Amino acid sequence: MTASSSGGNTCLTAKGLDISLAALQRQDPYINNIVDVASQVALYTFNNRSNEWEKTDVEGTLFVYTRLASPRHGFTIMNRLSMENLTEPITKDLDFQLQDPFLLYRNARLFCDVCVMTAVA
């Protein structure tokens, strides 16, 4: 299992990755490998009416992973603010745009017209 730490000063140890992988597999048994980790991110959505970004109740560790079934990749934010985690399959319908330090994305299910993830200090 390999993973690097993005957006944080500490790299998860092999034991920490094993624990995280086990937690992710309880949610999705097809997850087989953690590819990358950002220790603390927050999710924002864009409100078209007010023309402003709004912070959601999703904040925590971001895991990017591979799966043994289709879709072959995905990401999850293990939410520290509630029991509701954010999970997104990475498919051709998911649009990404990196505007450092932000990662903007739009999904086909229109959970968010445009969402942004940012590292939290």
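Note that the coordinates shown come from a computational prediction; the quantities given were computed from them, not determined experimentally.
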Enter the distance from L103:CG to L62:CG here, rounded to the nearest 0.5 Å. 8.0 Å
Would you say L17 and V37 make side-chain contact, with heavy atoms under 4.5 Å? yes
Please say whether more than 12 non-hydrogen atoms of neighbouring residues, nucleotides or ligands are located less than 6.0 Å from CD in E84. no
Would you mind listing every salt bridge (charged side-chain N to carboxylate O under 4.0 Å, His left out) that reaches into residues 44-58, with sequence neighbours excluded? K55-E59
Scan residues 80-103 for pairs that pass ring-ring contact (aromatic ring centres under 6.0 Å, His included), counting only residues two or more places apart or in two chains. none
Which pair of heavy atoms, one from P71 and one from I90, lies closest together, and at what distance? CB-O, 4.0 Å
Listed by chain and number, what are the side chain to side chain contact (heavy atoms under 4.5 Å, CB included) partners of K15, not counting sequence neighbours? T13, I19
Side chain to side chain, F63 and L21, heavy atoms closer than 4.5 Å: no
Hey, could you give me each pair passing salt bridge (charged side-chain N to carboxylate O under 4.0 Å, His left out) that has a residue in residues 64-78? Not counting sequence neighbours. D28-R67
What residues form a side chain to side chain donor-acceptor pair (under 3.5 Å) with S82, not counting sequence neighbours? N79
Across all chains, not counting sequence neighbours, the side chain to side chain contact (heavy atoms under 4.5 Å, CB included) partners of Q27 are T76, M78, N85, T87
Taking C-beta and beyond as the side chain, do F75 and L94 meet within less than 4.5 Å on heavy atoms? yes
Once you round to the nearest 0.5 Å, how far does OG1 of T45 lie from CH2 of W53? 8.0 Å
Can you name the residues that form a side chain to side chain donor-acceptor pair (under 3.5 Å) with T66, not counting sequence neighbours? N32
Check the pair D36 / Y65 against side chain to side chain contact (heavy atoms under 4.5 Å, CB included), numbers first and verdict last. CA-CA 7 Å; D36 205 357; Y65 49 80; over 6 Å; no
